[in-house]
Structures are given as structure tokens and as C-alpha cells.
Amino acid sequence: MTHQNARRIGIVRDKRYLLHKPGHTHPEHPNRLKAVYRMLDADFSGDLVRIEPRPATLEHLELVHTPSYVKRVLKTADHGYTSLAPDTPASAETYLASWLAVGGCLKALDELFSGKLDACFALVRPPGHHALRDRSGGFCVFNNAGIAARYAMKQQGTQRILIIDWDIHHGNGINDLFHNEKEILYFSSHDPMLYPYTGDWEDVGDGPGEGYSINIPLPRELEDKELVHIYREIAGPVMRSYEPRLIIIAAGFDAHEKDPIGRSRLTEEAFGMLTRLIMGFRSDIGDPPVLFILEGGYSPRALAACVKEVVQALVNPTLPETPVVAETRRAEDIVTRVRRIHRKFGIW
Ligand SMILES: [Zn+2]
């Protein structure tokens, strides 16, 4: 399709995201983003639209978080080094990076909704998908994706928001925030044997949100093409039936085989294939705005390679036309199980 030839792809980036310093040995280290930014400068100079973040406002943060929790994060500025949770330390400027991480996502949404961009990748830290209403955890401070979804509902009146979370950890923060709602559909694939040990098959949402949480536990041995098969068979029908008016990807890359925390076997190519697949389904439903938000990924080198695959797929979505899939028994079993659990809701 010719209109896809000149895609305007936005990138949120800012040096101030490096100011959150959880410690030299902490996996969520500023070197992660440094490696990603270096890769962008080397491989995509001139191809991308740079989006400058602005700090979020209190009102934005309180779309999701309690005022007392927001205050607690702000108070970390009084200390050179302190801790928001046992695994989530804070340095004196963590608050600034966190405010800007949310603000960068919201600025990206404004640009997407104004039609200036076809897609955007917010390359921010700290990550967000484990952050709860009133609590940090799993290296996350504010729930960037959750706040972005609420902001779109409030500012744009966006109906039906799909959040796809391919980080290898279950995004318990996002899952909890929207557990009772059908306006935001949370779709996660993850290793259930890793932190936070949630996101079971039967976790499908509650009340009016029943059926609007789709949790897909993955075995560690799963390979690239099997994951693409699972996404093709589940995310495809979900997108066509739900017809989201905004797609947010909680894009973590700790399922990479070289990641020091995840224990999976994927390569960077999996993420390029997933991106092309999702962008293909998206064009079937009228190209709603799509925002990628960085979550995990703890080998700076592997992380940069994965982000490169995604950005390449966004800049040039048509090659290859159809991602290669592998319909192995174990991939097919996963698809069958998710379908069986969700059939009764009649949503997809
Ligand atoms: Zn993760």
C-alpha cells in the first residue's frame, strides 16, 4: 500500500531519563537507554520525528495513582538515594525522570491524535507496568501505559483501548487497574514463573470487565515463530472484533535470549515480526493510533537490537508481507486453551 511508504514515526527520547539512577548493579540502569539512543543515532538518523517530553501534571498522575503515593515519589527528591520498594530504589532525580516518562507518553498521544504521526515509540524510563495505584515495584514508579490509556479516555473520549504487553513479566499493575472495565482490554503474554507470579490463564477480568483481560502464560522454550503464531491466532481476532480506537504496546524486551533476568529464548527478530503483524491487523481496522512504551529489557545490547527491529518494522511495515509462523503442537495448544477459556464471553 503506497500510503505506508512515508510513515511518520515519532520517538520520545530525553537525556533526563538517564537521571533515574537505581545503583550500579541494578538491572534497570541508565545504560539501557544509552544503548538504545546510540543505536537510533547510528541507524535511523533523519528518519524519525523526535518528540520532546514535558513533565506530567499532578492531575495526570492522579488519573491512576493516589495523591499520597504521588507525594511519596516526590519526597524521594529529598534524598541522594532511597528506596520506593525493595527492588525499586530512587535517586535524587528519579522523580523528574518518572514525571517525564509519563509526560512523554502523553505528549506522544497528543501528536498521534492530532494526526501528525502514524506511530510513536516512547523510549522512556523508569518502566511502568508493575506500578500499582499506590505502590512501586518491579523497577516501576508510575504506570506509564495505564495513565496514557486513562488520558486518552479523558482527553479524547477514546472508546475501546487495547493494551498489548509482550514484556516477559506479567504487567500486574495494568492488569489490576483495568480489571473491572471493558473500555480497556489488557492482553499479556508472559512467563508466569517470573515476578510478579500473576497472570494465570483464568485471570480474565471481573464484573463488566470479564473477558477483557487476556492472559497468556508462555513456556520458556517458546521460539520466535511460535510466539508470532500465537499472536496471529489470538491478537488478530481480538483486534478485529474489539476494534480498538487506540493501541498501546507495553514493549518490554526481556524475553530476549540474552536477557539476564528473563529466561526465554526469543531473538530480536521476534519483535520485528510481532510489530509487523500488529501493524497489519491495525490497518484492517482503520489504522487507530499506536503508541509503543518501553518496559523491561536488561541487556543494553540486546535491548538496542530489539528496539531496532521494532523501529525498522514501523518505518517499513510491508517487508516481509507475512511473518513466518510455526504451528507447533505447543503453540497450537496455547491458542486452543486461550480460545476455550474466552469462548463463553463472546468478545472475539
Ligand atoms: Zn519485564
Side-chain angles (χ1 to χ4, degrees), residues 17 20 22-23 25-33 35-36 84-89 97-98 101 105 121-132 135-148 163-177 186-200 203 213-222 224 227 230-231 248-268 270-271 274-275 291-307 309-310:
Y17 293 133
H20 166 51
T25 57
H26 196 281
E28 208 287 276
H29 193 277
N31 285 346
R32 299 174 61 230
L33 270 192
V36 170
L84 280 162
D87 62 2
T88 313
S98 308
C105 296
F121 201 154
L123 289 162
V124 303
R125 57 184 290 278
H129 73 154
H130 299 304
L132 302 171
R135 218 171 332 144
S136 321
F139 318 159
C140 297
V141 178
F142 293 134
N143 202 308
N144 303 320
I147 297 170
I163 303 179
I164 294 178
D165 186 339
W166 69 41
D167 188 283
I168 200 57
H169 302 94
H170 180 237
N172 58 317
I174 305 175
N175 191 76
D176 281 16
L177 283 174
Y186 179 59
F187 179 108
S188 175
S189 59
H190 48 266
D191 179 348
M193 307 297 278
L194 295 175
Y195 176 92
Y197 314 103
T198 50
D200 190 22
D203 184 350
S213 297
I214 301 173
N215 281 297
I216 311 175
L218 300 175
R220 286 188 176 159
E221 315 76 47
L222 205 73
D224 291 0
L227 186 65
I230 291 166
Y231 269 70
I248 295 173
I249 316 282
F253 299 97
D254 35 17
H256 191 278
E257 59 186 353
K258 302 260 170 60
D259 193 274
I261 292 185
R263 296 175 197 169
S264 293
R265 292 204 188 151
L266 302 184
T267 74
E268 54 270 31
F271 300 102
L274 287 183
T275 303
L291 172 62
F292 292 73
I293 302 175
L294 182 64
E295 297 286 352
Y298 301 102
S299 154
R301 186 193 290 254
L303 173 63
C306 292
V307 173
E309 286 288 324
V310 171

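Counting convention: from 1, in listed order, for ligands and their atoms alike.
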**Request:** Not counting sequence neighbours, which residues clear side chain to side chain donor-acceptor pair (under 3.5 Å) with T198? List them please.
**Result:** H170

**Request:** Please state whether the separation between the Zn ion (ligand 1) and some N/O/S atom of E295 is under 2.8 Å?
**Result:** no

**Message:** If I consider every N, O or S atom in D254, which one ends up closest to the Zn ion (ligand 1)? I only need its name.
**Reply:** OD2

**Asked** Can you tell me the N, O or S atom of D167 that's nearest the Zn ion (ligand 1)?
**Response** OD1

**Message:** Side chains of F139 and P27, heavy atoms from C-beta outward: is any pair under 4.5 Å?
**Reply:** yes

**Complete:** CG of N175 to CG of L132, rounded to nearest 0.5 Å, is 10.5 Å

**Request:** Using only N, O or S atoms, tell me which atom of H169 is closest to the Zn ion (ligand 1).
**Result:** ND1

**Asked** Looking at residues at least two apart in the chain, or sitting in another chain, which of them share a side chain to side chain contact (heavy atoms under 4.5 Å, CB included) with E268?
**Response** H256, A305, C306, E309

